[in-house]
Amino acid sequence: MLETKWQWAMAVLAALGGMATGGETRAQELVIGVINPFTGPGADLGVSSRQGLEPAVEEINRAGGVLGRQIKLVFRDDESNPQKAVAAARELAQRQHAVVIVGANLTHVAMAVSPVINQLKLPFMVMGTGNAVIDPKTFPYSFRTSVSNDIEAAVVVDYVSKRFKAPGIIVDATAYGQSGESSLRKHLTEHGMKPVAVEKFNLSDIDMTGQVNSLQKAGADVMLVWGLGGPLAYLARSADRAGFHVPAFGGLGVHQVAFPNLAGAAGKDWSATTYRAFSRALRTDSITPQERAYLDAQKKRWGSELGASVEVNALWEDTLRLLIDAIKRANSTDPDAIKAALEQTSGFKGMVSSYSFGATKHDAMERSAMTIAYATGVEDHIKTRIPDAP
Amino acid sequence: VSNLIAVLIAGLAVGSVYGLMALAVNVTFAARRVVNFAHGDVTMLGGLVAVTVIVGWGLPYFVGVLAAIVATVLVALAIERVAIRPLPRDETSIAWILSILAVSIILSNVSLLTFGPEPKQFPSLFSDRPVKLGDINVVPDQIATIVAAGLFMLLFHFVQNRTIRGKALKAVASDPAMASLLGIGVDWYIGGAFALSGVMATIAAILVGPMTFVSSQLGFVLGIKGFAAATLGGLGTFRGAVAGGVLLGVVEALTALYAGSSYKDSISLVILGAILILRPGGLLGEVRVSKM
């Protein structure tokens with residue numbers, strides 16, 4: 001019987017608590033939290049994560065799930081904003097009881113969210129490509145299946161150093177651009193080269209003529225660029241307007257869908273690193289039967305919504321399957337057991353690369369999985385490699 | 001030298017857009033004695049409406065511009081009616097700052113939800129392909145922007161100082177109660193000033209659109225630059241607004257060329273600060289002295 005005011009109050013609170021927790025996950029589900037941008041400059045990256053993860057999770061669940069539990073994906077939009085990502089990480093851990101967290105495709109977001117997820121001691125499959133995102137000493141629970149800026153810069157500089165004499169660097173002023181710049185400088189030095197000029201641009205710059213003219217004045221015969229698709233498209237058009245027509249090479253950001261959409265003809269001499277999977281040599285259709293089957297399945301599932309970079313969707317599926325493999329081997333959802341199992345992953349075969357981690361090696365992507373493709377040469381979701389691409 | 005001239009022209013073009021933003025900030029300041037921090041977002045809205053009608057729906061250019069003008073005028077009028085008029089604006093009250101900033105955030109979020117996150121490419125005014133004049137690359141759109149801003153400044157200067165309506169607006173700004181007693185329709189002048197700022201927002205949008213891309217994030221950048229240009233030139237003077245905008249654009253472009261782009265914004269802000277220390281009323285502005 002509820003006899004006192006105190007008991008009534010407790011009953012009401014309990015009822016409210018019950019309502020408030022109605023959205024929480026049932027105990028038997030294994031929750032994977034996904035933090036990624038679905039709005040803002042990285043929006044297409046979030047779409048890729050959904051398109052890659054959802055069909056794979058459905059397939060795994062149909063086959064019985066993992067450790068007898070169904071997998072539940074909980075997506076949170078970080079709006080390309082570090083503060084939103086941090087709030088989402090806490091919510092996923094504390095309210096949704098996520099067992100692992102995946103995502104943070106944008107480096108500046110990944111840098112903000114990594115300390116929090118590591119404090120929460122949750123295994124974190126991070127997608128941001130900035131070098132500092134992975135460091136087993138600082139972030140022991142962070143692992144990366146996507147490429148690092150360092151590998152990308154190595155591939156780009158290796159190609160450029162054989163064909164050009166006076167590289168000019170231009171990068172955005174975010175953590176992503178800075179990471180690209182330091183990697184490009186490092187690899188140029190290794191090839192005995194120096195940039196003739198180094199320029200930066202802010203995401204808010206309305207005009208880049210000054211930067212472009214500096215590169216031109218310094219006599220650059222090639223631009224090495226690092227940034228996101230939209231601002232880089234703007235750079236391409238600024239260079240075109242200034243009559244500065246030299247080839248440009250960059251990292252994965254160049255392949256964001258905003259670049260071909262916005263740069264138009266100004267982007268025709270732009271190329272960038274991409275995953276070899278789902279790319280073909282000039283004028284041939286050389287993707288593998290396995291890639292063709294995946295592309296067809298994705299087209300069937302997503303129709304006209306399918307993003308341009310289907311290889312990134314495939315990378316998400318690889319990441320999920322590698323993670324499930326580790327959880328099965330750990331035979332537990334204990335974070336430290338999953339971390340230990342991840343560190344023992346060796347030669348895991350995926351669609352995009354073969355992946356291996358170690359106790360001090362939390363970057364799994366192999367350099368051989370990377371190539372260089374035209375930024376505006378995407379046909380039927382397949383990128384076209386430049387001549388003599390690695 | 002050809003590099004320098006190309007950079008100067010680009011800086012002048014961007015500066016002209018800043019100047020147009022500052023002109024609009026000035027027009028509403030003249031009417032209401034408040035700084036419309038949401039003007040950048042009204043401009044962004046004009047750009048998004050125009051690009052949606054012209055590129056998205058395939059309608060003629062002037063239809064897109066008309067639709068954008070209707071949208072920006074209505075929003076500018078609504079800002080005055082809802083976010084400014086009901087609040088006290090004496091010297092100790094800062095509630096209007098908060099309400100205008102709230103409008104700015106709401107406009108940017110509503111635009112994000114309505115028009116989506118993708119930046120959109122705005123159709124060119126004349127041509128954004130460079131034309132060679134001797135050694136120099138000249139972009140027709142940039143020249144058009146510079147000319148348009150110059151014409152607007154002359155028009156406003158003329159209206160403010162040489163017409164009865166301009167003088168009436170000055171009277172409304174300095175003492176609305178007295179202006180009302182003298183038979184000036186104060187509300188009409190204030191509404192007119194905000195409607196005009198709406199028209200100017202669309203004009204700034206169609207000039208800046210082809211230079212950059214139009215997205216829901218453009219409003220914040222333009223708003224800040226327009227406010228900076230208005231402060232630099234001197235709040236309350238139309239010539240000062242354009243001068244401030246042009247100076248800001250040229251300084252940004254030249255620091256990017258000579259001092260390195262990493263320092264571009266810091267150097268521009270240092271110059272802005274220095275000018276305001278030397279001339280607190282702005283380049284062409286006057287310091288208003290309140291007499292008890």
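So you know, we letter chains A, B, ... as the sequences are listed, proteins then strands, and number each from 1.
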*Asks:* What part of B/Tyr18 gets closer than 4.5 Å to chain A, counting heavy atoms only: side chain, backbone, both or neither?
*Replies:*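 Contact with chain A is through the side chain of B/Tyr18 alone.
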*Asks:* What about B/Phe37 and B/Phe227, are their ring centers closer than 6.0 Å?
*Replies:*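 Yes.
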*Asks:* Given that the side chain runs from C-beta out, which part of A/Ala233 has a heavy atom under 4.5 Å from chain B: side chain, backbone, both or neither?
*Replies:*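 A/Ala233 touches chain B through backbone and side-chain heavy atoms alike.
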*Asks:* Measure distances from A/Ala242 to the heavy atoms of chain B and classify the residue's part below 4.5 Å as side chain, backbone, both or neither.
*Replies:*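 It is the backbone, since no side chain atom gets that close.
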*Asks:* With a 4.5 angstrom heavy-atom cut-off, could you sort out which part of B/Ile224 is near chain A: side chain, backbone, both or neither?
*Replies:*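 Contact with chain A is absent: no heavy atom of B/Ile224 under 4.5 Å.
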*Asks:* Please check if the number of heavy atoms outside A/Lys268 that lie under 6.0 Å from its NZ is greater than 12.
*Replies:*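 12 or below, so no.
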*Asks:* Given heavy-atom pairs under 4.5 angstrom as the criterion, report whether the side chain, backbone, both or neither of B/Val17 touches chain A.
*Replies:*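 B/Val17 has no heavy atom closer than 4.5 Å to chain A.
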*Asks:* Is the shortest heavy-atom distance from the side chain of B/Phe156 to the side chain of B/Arg239 under 4.5 Å?
*Replies:*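 They are not in contact (no side-chain heavy atoms under 4.5 Å apart), so the answer is no.
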*Asks:* Verify whether the ring centers belonging to A/Phe259 and A/Trp270 lie closer than 6.0 Å.
*Replies:*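 Ring-ring flag for A/Phe259/A/Trp270: true, centres closer than 6.0 Å.
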*Asks:* Which one, A/Ile170, A/Asp205, A/Val212, A/Asp44, leads in non-hydrogen pairs under 4.5 Å with chain B?
*Replies:*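 Option with the greatest count: A/Asp205.
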*Asks:* Can you say whether B/Lys132 sits under 4.5 Å from chain A via the side chain, the backbone, both, or neither, judging by heavy atoms?
*Replies:*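 The answer is neither part of B/Lys132.
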*Asks:* Counting only heavy atoms closer than 4.5 Å, note whether B/Pro210 contacts chain A via side chain, backbone, both or neither.
*Replies:*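 Backbone only.
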*Asks:* Could you tell me which portion of B/Glu252 (side chain, backbone, both or neither) has an atom closer than 4.5 angstrom to a non-hydrogen atom of chain A?
*Replies:*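 B/Glu252 has no heavy atom closer than 4.5 Å to chain A.
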*Asks:* Check whether the side chains of A/Lys383 and A/Ser309 place a donor and an acceptor atom closer than 3.5 Å, and report yes or no.
*Replies:*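 Yes, because at least one side-chain N or O of A/Lys383 sits under 3.5 Å from a partner of the opposite role on A/Ser309.
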*Asks:* Which one of A/Gly230, A/Gly243, A/Gly210 has the most heavy-atom pairs closer than 4.5 Å to chain B?
*Replies:*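 The residue among A/Gly230, A/Gly243, A/Gly210 with the greatest pair count is A/Gly210.
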*Asks:* Which bit of B/Val7 is near chain A, if near means a heavy-atom gap under 4.5 Å: side chain, backbone, both or neither?
*Replies:*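 Contact with chain A: backbone and side chain both.
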*Asks:* Could you verify whether a donor N or O on one side chain and an acceptor N or O on the other, from B/Ser108 and B/Asp41, lie under 3.5 Å apart?
*Replies:*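 Absent: no donor and acceptor within the cut-off.
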*Asks:* Hydrogens and angles aside, do A/Asn131 and A/Ser183 bring a side-chain donor and acceptor to less than 3.5 Å of each other?
*Replies:*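 Note: A/Asn131 and A/Ser183 side chains meet the donor-acceptor criterion.
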*Asks:* Which bit of A/Asn261 comes within less than 4.5 Å of chain B, counting heavy atoms only: side chain, backbone, both or neither?
*Replies:*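 For A/Asn261, the backbone is the part near chain B, not the side chain.
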*Asks:* Hydrogens and angles aside, do A/Ser179 and A/Asn149 bring a side-chain donor and acceptor to less than 3.5 Å of each other?
*Replies:*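 Note: A/Ser179 and A/Asn149 side chains meet the donor-acceptor criterion.
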